[in-house]
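Here's the structure we're looking at; comments come further down.
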Amino acid sequence: MAAPPPPARPLRSSSSGAGDSPSFSSGAGTFVHSLSSILNNPQAARSDAYWSLWGPSTAVAEPAPPSSIPPDSVSRSDFQPYLSSISEPFSRFQDVRNHATTESSAGAEIRGPGQALVACLREVPSLFFKEDFALEEGETFRAACPFSPSPDENAALQERLTQYLDVVEMHLVKEISLRSDSFFEAQGQLQALNGEIVEACVRIRELKETIRILNVNLVDSARQVQEHNAARGNLVALQQKLALILYVNQALSALKLLVAAADCAGALDITDDLQHLLDTDELAGLHCFRHLREQLGTSLDSVNSILSAEFLRMAVYDAKAVRSIILSKIKAKTANSINGVEDEVVLDDDESSILRDHLLPLIISLLRTAKLPTVLKVYRDTLTNDMRGAIKTTVAELIAVLVARSSDSDLANTERAVDADGGGLSLANKLRSLSSESFVQLLVAIFKVVKAHLLRAAEVKRIIEWIMDNLDGYFAIDSTAVTTIASVDVHDNNGQVVAPITYSRNAPKALLFPGKINDASSPCTSKSFRVDVLRENTEALVAACDAAHARWAKLLGVRALLHPKLKLQEFLSIYDITMAFIAATEKIGGRLGYSIRGTLQSQSKAFLDFQHDSRMAKIKAVLDQETWVSVDVPDEFQAIVVSLSSFDTPVSDPELAESEGLEDSLTGNESVQTSSDHPRQDQSETLTAPVHEKKVNSTPQTQSKNASLNEHGKSTSQTLVCRGIGYHMVNCGLILLKMLSEYLDISKCLPVLAPEVVQRVVEILKLFNTRTCQLVLGAGAMQVSGLKSITSKHLALTSQVISFIYAIIPDIRQVLFLKIPESRKVLLFSEIDRVAQDYKTHRDEIHTKLVQIMRERLLANLRKLPQIVENWNSSDEIDQQGSQFARSVTKEVSYLHRILSQTLLENDVQAIFRQVVEIFHSHISDGFSKLELTTPQANNRLCRDIQIILGCIRKLPSGNTVESVPNYGLLDELLLEKFGIKTSQ
C-alpha cells in the first residue's frame, strides 16, 4: 500500500456562488496525488481510501490498556494535550465526512457517463470551456483574471480559480469511476487473448518441426529437380532475351538508315514491330532499352515529316508552266490569247495515273501513322497559300504586258481618267488603268491558273476518297457521316468529262493497302478517324475555292468604281467570265461561293444604278431640249420594236436561258444575244443619232406587199410601226425607246437584276410621262425649249409618242417578267399597270386639250358674230363665200383636221372630232338662234353660212351617221326649222 499523502488543505466553499459542493485544491502534495490509488479498482477495498487521507504522523496508536482511574480526578484539561494533537486531523476528518455526504448527494444526480461533466459545466463559467480559450490573449486574460490592486481580491481570485480546478478534477474522477468496470473487463479479456496466442505459438513451432522433418525425408530430392529445371528455363529465356536485344539493336540501326534514305514504308514496318514489342512488355526490365519508346517517337516524327513534305510536293500543283504559256500568248497577241485552253488545264489519264501512283504509298503510310488528318490540315493551309500566291504571281507577271497594251487602246485614257491617283505605280492603280478587254484577259489567265490548281486538288480529293472507300468493309463508314464520299467528275466548259479516272474496286486489298492498315486495333479503322479524314479532305478543296473566290473578289473590288461606268457589253464580259469562274469552282469545290456572288451582285447593282441614274439625267435633259417636231425613224429603232414583238411566246425553260453561255465564256462568246440580232451600240452614239425635221406636206404612197406602209400611206421611215400601226416620233421618244431596249438587254443578260430593272423601267417611264406632261400640257416647253406656243401639232406628236409607249408597255412587261420569280410578279405587275394607266390618262388629257382648243377658238369667233350680223342687216350684198365667221370656223377646223389626220391614229382622230362636231352643233346653233335678222338678205347670208359650216362638218371623221347623213346634229335641225331646207337637199 502506498504511503499516505501529506495532509491536504481544508476544503473551502466556492466564493463564486457556483454551488454548495466542496472542491479540492490542486497544489503540490494535495489530494490530487491520490488519483493513482483510486484507479486501482476502487471497488476492492474502500477502507484504503480512508486511511490514505491521514498522514504518517497522525497514525492511530494502539489503545492503552484500561486502568482504574477515578472519574473525579480526570478533567477536560487532562485531555487537552490529546485533543490538541488530534484537532487538526479530526477537523480534516469532519471535512471528509461532509464532503462524502455532499458527494453522495451529487452522485445521486450523476447517474450515467457524461452527467458529471454536465454538472461541471454548470459550476464552472463557460468562458473556461471555449474552444478558442487562450490566456495569452488580452481580452481572455482580462475576462478570466480581472486585475485588482487589492491583495485580498487577488487572493480571492486565486482561491476561486483553485476551486474551479478542484471541481473539474472531482467530476473527472467521477467519470473515470463510472467507466472503470468496462476498462477492467477489457483488460481481463486481453489477458485471456494473450494466453491463447501463447498456446498457438507453441502449436506452430510443433508444426514447423514436423514440416522440416518431412522436407528432409521426402521433398528435398524433388525440389532439386525442380530447381534445376527452373534454372534451365531461365537460361533459355536469357538466351532468347539476348537474341531479342540483338534484333532490336539491329532494327534500330536499320531504322536509322531507312529514315535517312526516306524509305518510309520500310521504316514504318520496323517501327510497327518494335512498337509491338513495347506493347507486349517483351522488353520490360531491359535497362538498355529504356529510351526505345522515345527513339521510336523521334523516328516516327521524322517519317511523318518526310511523308508530309512529299505529299504536299505531289498534291500541290505547280502553275509555272501554265503561267508561262499564258504570258507567251499574251505577248504574242495571238487570237487565242483569251480563249479557253482546256488542253493545258485538263488532267489526262496518264497524269492522273502518275499522280495516283505517287500519292497511293504516301497516303497509305500516313494512314498507318494515323497522321493523315493532320497532314490534310497542313495541306489545306498550303493549298490555300499556294492558291493566293499563284494568283498574285500571275497578276504580277501579266500586269506589265496588259498595261502596255492598254496604253495603245482608245478606251484606256477614259478609264484611267477615273483613277484619282493619276496612274501611280501601285498594283491597284495598274489594275484600274487596264482597259476592260485587258482586265478580262487577266481574269481569264487567273481562271486558267486557278482551274489547274483546283483540278489537281479535286484529283487528290478523289484519290483519298477512293482509298478510304476501299478499306475493309467491316469498318466502312456510314454514308451519312460526311457530306459526300462519291467521286466528282471534273467537267470542262462544254459539260464534258475531262479527267475521268476509273479505279478497279476488285483490286487485291493486300496490294492496295500494305502493312497493318486493316487491323481492327489501327486508329484508321475507327469511324471518327474516317470522318476526320473525309472532312479535312473536303475542307482542303473548299478552302482553296474560297481563297480563289476571295482573290477574285478583291480584283473586282479594286475596279469597283470603274465597272458601273462600262458599256453593257464590256460589263457583261466581266460578268460572264466571273459567273463561269464561280460555276467551275463551285462544281469542283461542291459548295456555293457566297462571298464572290455577293461581290458580283453588288457590282451588278452598282452598274444598274449608275446606268439608270445616267439615263434618268439624260432623258430629262433631252426632254428639256425637245422642240416637239417629227423626225425620221432609223431602221435600228424599228428593229427594236420588232424584237419586242418577237417575245409574244414566253421562254419554255427559263433556267436554261439563264445559264446559257456560261460554259462558253472562256472562248469569248456572248452568253446572251438580243432577240433583234442587231449589235449593241454605245448609248452616247444612239442618243445622238441624226434626226431630221419631217416635212408637213408629204406625198402619199401606195401600200406595199410586206405591210410596211400604214393606212395613211406614210413611209415606214417616217413612222415607227408597232403591230401594224405607224406612230410619228420625236427625238425624245426614240431615245426613250433605245433606253428601254438597253434596260431589256440588262434584264436578259443579268437575270438576277430583273426585278431591279423592272423598278428602274417604271421610274424612267414615270419621269418621261410626268416631264412630258409638264412641258406640253403644262406649257413648260415655252420656257425651257424656247417654243413660242404649244400648238395642236405639238399636242398631236406628244399624243403619238405617249400612245406608242402605251402600246409597247405590254411587250416590255412580258420581256422583263421572263426572269422574275413568281413571288414578285404580282407586285411588279401592279406597278407597271399603274404606269400604263398613267400613260393612257395622259393621252386622253391631250385629246381633251385639242377639243378644248377648238372649243375656245369657236367661242372666240362666236363673240364676233353680233358685229357681223349688224353688217348683214345694213348691207344688201350677198357674199357667196360666206361670212368671216363661217370662213374662220371652217378654216380652223379644217386645219386641225389636216394636222391630226397626218399625225394621229384614225380612231383617235374620230374620237376627237366626234366631240368637236357636237360642240359645233350645240354652240353654233345656239348662237345662230339668238341672232336678230331684219332683212331677207341677212337671212340668206345666215342660211349660206349654215350650209358652208355643215359642208365642213360633213367632212370631219367623227364616225357618226344618221339616215345616211354624216355628223347630223342641231345645225341640220336649225336649217330645216328656219329655212325649210332638209339635209339631203
Check: R380 main-chain N/O paired with T384 side-chain donor or acceptor under 3.5 Å:
yes

Look at the side chain of R615 and the backbone N and O of Q611, then say whether any donor-acceptor pair between them is shorter than 3.5 Å.
yes

Is the backbone N or O of T382 less than 3.5 Å from a side-chain atom of D386, with the two atoms forming a donor-acceptor pair by type?
no

R388 side chain to A547 main-chain N or O, any donor-acceptor pair under 3.5 Å?
no

Mark yes or no for whether E310, through its side chain, and L362, through its backbone, hold a donor-acceptor pair below 3.5 Å.
no

Under a 4.5 Å cut-off applied to non-hydrogen side-chain atoms, are T585 and I596 in contact?
no

Got a second to check how far L765's CG is from L740's CG, nearest 0.5 Å?
5.5 Å

According to side chain to side chain donor-acceptor pair (under 3.5 Å), who are the partners of K392, at least two apart in sequence or on a separate chain?
none

Taking the six-membered ring for Trp, are the ring centroids of F581 and H549 within less than 6.0 Å of each other?
yes

Are a donor atom and an acceptor atom from the side chains of S602 and T599 found within less than 3.5 Å of each other?
no

For E465, is there an ion pair with R462 - N to carboxylate O distance below 4.0 angstrom?
no

Check whether E831 reaches the backbone of Q759 with its side chain - one donor and one acceptor, N or O, closer than 3.5 Å.
no

Examine distances only and state if a side-chain atom of D532 and a backbone atom of P373 form a donor-acceptor pair shorter than 3.5 Å.
no

Does S435 form a side chain to side chain donor-acceptor pair (under 3.5 Å) with S438? I'd like the steps, not just the answer.
CA-CA 5 Å; S435 64; S438 299; 3.1 Å; yes

Rounded to the nearest 0.5 angstrom, the NE2-CD1 distance for H453 and I391 is 8.5 Å

For S747, check side chain to side chain donor-acceptor pair (under 3.5 Å) against everything at least two apart and list the hits.
none

Taken in chain and number order and not counting sequence neighbours, the residues that satisfy side chain to side chain donor-acceptor pair (under 3.5 Å) with E539 are R591

Could you name each residue pair satisfying salt bridge (Lys or Arg N to Asp or Glu O under 4.0 Å) that touches residues 594-613, not counting sequence neighbours?
E586-R597, K605-D609, D609-R760

Taking N304's backbone N and O only, do any of them form a donor-acceptor pair with S308's side chain (distance below 3.5 Å, no angle check)?
no

side-chain contact (heavy atoms from CB on, under 4.5 Å) for L737 and I808? Distances and angles first, verdict last.
CA-CA 9 Å; L737 177 61; I808 65 173; 3.9 Å; yes

Partner set under side chain to side chain donor-acceptor pair (under 3.5 Å) for E763, not counting sequence neighbours
H612

Restricting to ring pair (Phe, Tyr, Trp, His ring centres under 6.0 Å), what partner residues turn up for F829, sequence neighbours left out?
F817

Residues S426 and N429: side-chain donor-acceptor under 3.5 angstrom
yes

